[in-house]
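Written below as structure tokens is the structure these notes are about.
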Amino acid sequence: MTSPDGARRTSRGRRGPGSGRAPTARQVDLLNRLEALFLAEGFAHFTLDELAARLHCSKSTLYALAPSKEQLAVRVVAHYFKGATERIEQRIASVAAVADRIGGYLAGAADELRRASTTFIADVADFPPAMATYERNARAAAARIRSFILQGVRDGVFREVHATLVAEMAGMLIEGIQTGVLTDRAGVSGAEAFNALGELLLGGLASRPAPSTGAVEQQTPDRETADHNDTGEREHT
């Protein structure tokens, strides 16, 4: 991979024919195939010639997607996160209960992460333009979780909390899961980590039930009995 400055120079010097236009059906298919390839094998080690050979297309077809290999990688990474977001939102679209929406959102994120190899995750982390795309996605995920928390507080399902702080903390944990840092340290899979995050969030946010009337009534005879016993002891003395 060249540096981001190199990628910008390439961008100024050459623009792909499809720049600024919605992709054609063939280009969408090509992006999907590139996504599958990158998720499985990463992207840093590929040349454009190798990609063209693997996808059975010409280099000019790839240039129609992006003017350089670096920008092609960024476009494919963005395509992956965009598709993942759409699939997760579709998954929770019909879910009414906010706690179930959070659980479904995190389960969807776990399923999407399961598609990405460690090589892909490492290549994203090592390439600043791709990492910037990832960070935008992570910020959007934190904002989505914050909206769930605020809804839960309004509905009385969650206790009053600093929604932005909790969402940002959840976002940092999501980043640790997606980059593999947290899962490596804990020795768990991404799916297990997302499940644990869901349990942590929902358990910590749940409203604390007020003491029941029965509990108060049960305490009253105990206090009266204690007072009666105390009086009896004084009379006996």
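No more than 12 heavy atoms of other residues, nucleotides or ligands sit less than 6.0 Å from atom CZ of Arg26.
When the options Tyr80, Phe38, Phe127 are evaluated for a ring pair (Phe, Tyr, Trp, His ring centres under 6.0 Å) with Phe120, the one that passes is Tyr80.
We find that Arg54 and Glu50 are not joined by a salt bridge, their nearest charged nitrogen and carboxylate oxygen being 4.0 Å or further apart. Under a 4.0 Å N-O distance rule, the pair Arg87/Asp111 does not qualify as a salt bridge.
Counting only N and O atoms by type, the side chains of Asn32 and His79 include a donor and acceptor under 3.5 Å apart.
With a 4.5 Å cut-off on side-chain heavy atoms, Leu37 and Phe43 do not count as touching. Between Leu65 and Gln27 there is a side-chain heavy-atom pair separated by less than 4.5 Å.
No donor-acceptor pair closer than 3.5 Å links the side chain of Asp100 to the backbone N or O of Val95. When atom types are taken as modelled, the side chain of Gln71 and the backbone of Ser68 share no donor-acceptor pair closer than 3.5 angstrom.
Here the closest heavy-atom approach between residue Val74 and residue Pro129 is recorded as CG2-CB, 3.6 Å. Nearest heavy-atom pair across Leu182 and Ala193 is CD2-CB, 4.3 Å. Annotation for Pro23 and Arg75: closest pair CB-NH2, 3.8 Å, computed over non-hydrogen atoms.
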Output side-chain donor-acceptor pairs under 3.5 Å for residues 160-176, partner residues at least two apart or in another chain, one line each.
residue, atom, partner, partner atom, Å
His162, ND1, Leu165, N, 3.1

*Test side-chain contact (heavy atoms from CB on, under 4.5 Å) on Arg33 and Leu30 and set out the steps.*
CA-CA 5 Å; Arg33 290 160 59 201; Leu30 189 58; 4.0 Å; yes

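Not counting sequence neighbours, Phe46 has no partner by the ring pair (Phe, Tyr, Trp, His ring centres under 6.0 Å) test.
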